[in-house]
2 protein chains.
Amino acid sequence: MGAEAQRRRTRQLACVLEAVRASGNEHPSADRIFARVRAVVPTISLGTVYRNLHRLAADGRIGIVHLGERLARFDPTPGGHDHFVCEQCGHIEDLPATPLDVEAGAARQAGHEVTGHALVLYGRCRTCGTETP
Amino acid sequence: MGAEAQRRRTRQLACVLEAVRASGNEHPSADRIFARVRAVVPTISLGTVYRNLHRLAADGRIGIVHLGERLARFDPTPGGHDHFVCEQCGHIEDLPATPLDVEAGAARQAGHEVTGHALVLYGRCRTCGTETP
DNA sequence: CTCGGTGCAAAGGGTTTGCATACAT
DNA sequence: ATGTATGCAAACCCTTTGCACCGAG
């Protein structure tokens, strides 16, 4: 990652990055980013949002997360970390990356070289956990 | 899972299940299932394949797997288990499910109740590992 | 001036769905 | 006879892309 220097610094690129960075742990879809950037740069198009999101991800400045839905979500934290999803309220939370050694045991025993992973945990978050469904 | 008894036993449902079961560790897409079932039931439609795949999954007879691509893959093994994906040759392999306790530590420390997970490991498989890219 | 970025709009791929019909029960 | 499952085709959703113009360098 990081051919970043050769990119032109456009208003659109900066605003997309800013929108992702301001999103906390919401993990917004491209759609949501589009809506928010549009409030600042009303002429921006969805295509440009997608292109800039992919550029930022390729440069390692943001992360792309797949949580088993059809759409991609975007994450201000680029590094490989895990996610928790509350099945009741939809809350998504970043978790520190589980060390590969902990998980890769079976794959390594099978003779595979493991270089990365994606882990999503499902359950009930702190807030929903004590309530009755 | 398991309202299965109230389903009508149609040729299409049986063939879709059979196609998934015969797929080994290929983890075929709906498309591939469609092509194969069509060789046996030439009139079947893609819509019917999708509907039956979802029924089978709802009944716990097959599994649905998301590997970070946009399409869903289908797995004859329904239980919660992990997957290894070779980034060089695309080989997909089932792995025994990692015990939740191993992974859920951080989420539990944050006060969340973890009930399930999806884990995909990426790397180079046994076959590709010894070769130079 | 150059060439990468933008906006628009159309195409793309995977998946879902409405409807009339067929068929398992 | 009843009502679910099917086939067809259109709609859907998210995402990507071709093209002419714009603007950062």
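Chain letters run A, B, ... following the sequence lines, proteins first, then strands; residues in each count from 1.
For His54(B), no side-chain nitrogen or oxygen approaches OP1 or OP2 of dT15(C) to under 4.0 Å. Phosphate proximity of dT25(C) to Gln6(B): absent, as no side-chain N or O sits under 4.0 Å from OP1 or OP2.
Residues from residues 41-53 of chain B placing a heavy atom under 4.0 Å of any atom in DNA chain C, listed by number, are Leu46(B), Gly47(B), Tyr50(B), Arg51(B). For DNA chain D, the neighbouring residues in residues 13-23 of chain B, judged by any heavy atom under 4.0 Å, are Leu13(B).
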Sort me out a list of protein N/O and nucleotides 10-13 of chain C N/O pairs below 3.5 Å, or just none if empty.
| unit_1 | atom_1 | unit_2 | atom_2 | d |
| --- | --- | --- | --- | --- |
| dG13(C) | N2 | Arg70(B) | NH2 | 3.4 |

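Residues Gly123(B) and Thr115(A) come closest through the heavy atom pair CA-OG1, 3.5 Å.
Sorted pairs that involve residues 33-64 of chain A and meet ring-ring contact (aromatic ring centres under 6.0 Å, His included), not counting sequence neighbours, are lacking altogether.
Note: Ile33(A) CD1 to Ile62(A) CD1 = 7.5 Å, rounded to the nearest 0.5 Å.
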Show me the donor-acceptor pairs, under 3.5 Å and distance only, between side chains in residues 90-99 of chain B and residues at least two apart or in other chains.
| unit_1 | atom_1 | unit_2 | atom_2 | d |
| --- | --- | --- | --- | --- |
| His91(B) | NE2 | Glu93(B) | OE1 | 2.8 |
| Glu93(B) | OE1 | His112(A) | NE2 | 3.2 |
| Glu93(B) | OE2 | His112(A) | NE2 | 3.3 |
| Asp94(B) | OD1 | His27(B) | NE2 | 2.7 |
| Asp94(B) | OD1 | His81(B) | NE2 | 3.4 |
| Asp94(B) | OD1 | His83(B) | NE2 | 3.2 |
| Asp94(B) | OD2 | His81(B) | NE2 | 3.3 |
| Thr98(B) | OG1 | Asp82(B) | OD2 | 2.6 |

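Put simply, CZ on Arg32(B) is 14 Å from P on dT15(C), counting in whole angstrom units. Taking atom CZ of residue Phe34(A) and atom C1' of nucleotide dC8(C), one finds them 11 Å apart after rounding to whole Å. Taking atom CZ of Arg8(A) as the reference point, atom C1' of dG4(C) lies 4 Å away to the nearest angstrom.
Boundaries of the chain B contact region on DNA chain D are dG3(D) to dT15(D), first to last in 5' to 3' order (nucleotide atom under 4.0 Å from a heavy atom).
Residue Cys15(B) forms a side chain to side chain contact (heavy atoms under 4.5 Å, CB included) with just one option from Val20(B), Thr10(B), Val37(B), and that option is Val37(B).
Val114(B) meets the side-chain contact (heavy atoms from CB on, under 4.5 Å) test with Phe84(A), Leu121(A), Leu100(B), Ala104(B), Ala107(B), Arg108(B); sequence neighbours excluded. In terms of the side-chain contact (heavy atoms from CB on, under 4.5 Å) criterion, residue partners of Thr48(A) (sequence neighbours excluded) are, by chain and number, Gln12(A), Ile44(A), Ser45(A), Arg51(A), Asn52(A). For Arg73(A), the salt bridge (Lys or Arg N to Asp or Glu O under 4.0 Å) partners are Glu69(A), not counting sequence neighbours. Residues forming a side-chain contact (heavy atoms from CB on, under 4.5 Å) with Ala118(B) (at least two apart in sequence, or on another chain): Tyr122(A). Every side-chain contact (heavy atoms from CB on, under 4.5 Å) that Glu26(A) has, sequence neighbours left out, goes to Ser23(A), Pro28(A), Arg32(A), Arg36(A).
For the pair Leu17(A) and Leu13(A), the minimum side-chain heavy-atom distance is 4.5 Å or more. With a 4.5 Å cut-off on side-chain heavy atoms, His117(B) and Val120(A) do not count as touching.
Between Ala30(B) and Arg11(B), the one whose closest nucleotide on DNA chain C sits nearer the 5' end is Ala30(B).
Of the possible donor and acceptor atoms, one in the side chain of Asp75(B) sits under 3.5 Å from a partner among the backbone N and O of Thr77(B). Although no hydrogens or angles enter the test, the distance criterion places no donor-acceptor pair under 3.5 Å between the side chain of Arg9(B) and the main chain of Ala14(B).
If you chain together hydrophobic residues whose side chains sit under 4.5 Å apart, Val16(B) and Val40(B) fall into the same group. Cluster membership for Ile64(B) and Leu67(A), using ILVMFWY side-chain heavy atoms within less than 4.5 angstrom, is not shared.
Summary for the helix from dC1(C)-dG25(D) to dT25(C)-dA1(D): the axes at its two ends, each from 5 pairs, differ by 30° when rounded to the nearest 10 degrees.
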